[in-house]
Protein chains: 2
Amino acid sequence: MSHLLIVDDEQDMVDLVTMYMENAGYTVSSALNGDEAEEKLKESHPDLIILDLMMPGRDGFAICESIRSYSDVPIIFLTARGEEWDKVRAFSIGGDDYIVKPFSPGEMTARIQAVLRRFGRVDEKRETIRYQTLSIDVHSRAVRVDGAAIQLTMKEFDLLVLLAKKRGRIFSREELLETVWGTEYSGGTRTVDTHIKTLRMKLKNEGASIETVWGIGYKFVDGAV
Amino acid sequence: MSHLLIVDDEQDMVDLVTMYMENAGYTVSSALNGDEAEEKLKESHPDLIILDLMMPGRDGFAICESIRSYSDVPIIFLTARGEEWDKVRAFSIGGDDYIVKPFSPGEMTARIQAVLRRFGRVDEKRETIRYQTLSIDVHSRAVRVDGAAIQLTMKEFDLLVLLAKKRGRIFSREELLETVWGTEYSGGTRTVDTHIKTLRMKLKNEGASIETVWGIGYKFVDGAV
DNA sequence: AATGGGTGTGAAATAAGTGTGAAAAATTTT
DNA sequence: AAAATTTTTCACACTTATTTCACACCCATT
């Protein structure tokens, strides 16, 4: 799998992103400032850098420019919602994409994969989850039931993958929200119900694979037992 | 199984949580104040700390900050309902989750497991209780008798697991209520009888494994002896 | 065998959790 | 700016779970 370098001055954010990305199957290095980042870049040769824009000392732009003088490793900027910043400049100095905080784990992996694919640096081994007539291509995010392609939204897909990857395991609504939506989500838990509803509907005959565990949450049926 | 450290200035609360968590299969150390907590932390190396926020002397925040200067053991705060407190500060100084008093044992174990999982410190081994033709998968909450799946409700399941985990031990109705229902339960004790009744019925031939101890309570028969 | 509290049981009353459709809000695309 | 899509909220119906209750029955002790 690919290796990432996270650069952010807030330890908490580094920890969060690290957790997210390790769960997504990446290996991760991190740095708290520009100098440290360039050092780590030389020693760990990451396939991609996630670079916070707003940092004391050298900011994301300055670090990016410096790196671009000797490396063309893909760079994704991290920026806070509402933060004023120069998107044009970001791309003109060699940024490849950007992610707005707060973000969900799924969003981040999606963007990372998109950039890596563009750079042809992703190992194309396809991870496919199968259950009866249901097949889920985790990387291309394509879902089929009975051979027919099903169109899922991002949340629906992430939810399905999480449940289907751990068949038989029961997830509470809180767990699902935390994993799929991310920690900053603050709405009600019934949102999960609605997504489960649409999922079941879209999955047609395989919709029954997602079972309700009364009083606890949901699970994907465990074929074995 | 994992080891916990409970820190609370009230001996009663320490005892209660200790009982809950030991029933849930954890081993537990405890401390009544910050100094004692850090001492116990060094000698018992817990996998997770449950830390009361409101304490005389150093409060939960101060203790957490101090611990974070040299350890990243997961910390869950305990806070009383209605108590004014700074949630943002709790997370910014390194807290991982919080639980509001009063809570049920199930709620606490759920949060502990969620945090431990996030830290990748939980062994996902399947815990299965077996007795004759009865098998209980504790995590997927699946119960079988004679190979056939049995559908239990939440209370029934929790009750069965508690009894079956400690075969031979006699539980009074009060104990069962306190452990399965939690402290906030305020109804009569005959409710237990009703659940025992449905359990026995659903467990069919294994229903006899739950015995009445006249004048005291119930127990799961002890195969040995 | 008589007594008095403890327990089993079925049915009824309450309470709690979930499914669903539709509307509102947020977001993205055109 | 408008349109389309996705996500979230909400209320109501519906299902399931939990608790209560009354009465028969059981057990241990006189």
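First the proteins, then the strands, lettered A, B, ... as listed; each starts at 1.
- OP1 or OP2 of C:dG8 sits under 4.0 Å from a side-chain N or O of B:Thr212.
- Nearest-nucleotide positions on DNA chain C for B:Met154 and B:Ile196 put B:Ile196 closer to the 5' end.
- To the nearest angstrom, P of C:dT18 lies 6 Å from OH of A:Tyr218.
- Among the heavy atoms of the strands lying under 4.0 Å from A:Arg200 are primed sugar atoms or P, OP1, OP2 only; no base atom is included.
- If you check every strand for non-hydrogen atoms under 4.0 Å, B:Val180 touches nothing.
- In terms of modelled atom types and a separation under 3.5 Å, the side chain of A:Lys155 and the main chain of A:Trp181 share no donor-acceptor contact.
- The pair A:Arg144-A:Asp137 does not meet the salt-bridge criterion, since no charged nitrogen lies less than 4.0 angstrom from a carboxylate oxygen.
- At a cut-off of 3.5 angstrom, counting only N and O atoms as typed in the model, there is no donor on one side facing an acceptor on the other between the side-chain of A:Thr194 and the base of D:dT7.
- At the heavy-atom level, A:Thr153 lies under 4.0 Å from the strands shown only through sugar-phosphate atoms.
- Rounded to whole Å, the distance from CG on A:Asp193 to P on D:dT16 is 16 Å.
- The distance between atom CH2 of B:Trp181 and atom P of C:dA16, rounded to the nearest whole Å, is 14 Å.
- Straight-line distance from the CE atom of B:Met201 to the C1' atom of C:dG8: 13 Å, rounded to whole Å.
- Between the P atom of C:dT9 and the NE2 atom of B:His195 lies a distance of 15 Å, rounded to the nearest Å.
- Considering only the side chain of A:Thr191, D:dT8 comes nearest among D:dT20, C:dA22, D:dT8.
- Of the residues near DNA chain D, B:Leu152 and A:Glu156, the one whose nearest nucleotide (by heavy atom distance) lies more toward the 5' end is A:Glu156.
- When distances run from any side-chain atom of A:Trp214 to the nucleotides D:dC26, C:dG10, D:dA17, the shortest one goes to D:dA17.
- D:dT5 atom C1' lies 11 Å from atom CD of A:Gln151, rounded to whole Å.
- Spacing between atom CD1 of A:Ile216 and atom P of D:dT18 amounts to 10 Å, rounded to whole angstrom units.
- A close approach under 4.0 Å does occur between a side-chain nitrogen or oxygen of A:Arg173 and OP1 or OP2 of C:dT18.
- Residue B:Arg190 has its side chain nearest to C:dT9 when only D:dA17, C:dT9, D:dT9 are considered.
- Annotation: ring pair (Phe, Tyr, Trp, His ring centres under 6.0 Å) contacts of A:Phe171 (sequence neighbours excluded): none.
- Annotation: cation-pi geometry not satisfied between A:Arg167 and A:Tyr131 (NZ/CZ under 6.0 angstrom from ring centroid, within 45° of ring axis).
- Scanning for side chain to side chain donor-acceptor pair (under 3.5 Å) contacts around B:Arg141 gives B:Asp158, with sequence neighbours left out.
- D:dT5 atom P lies 18 Å from atom NZ of A:Lys155, rounded to whole Å.
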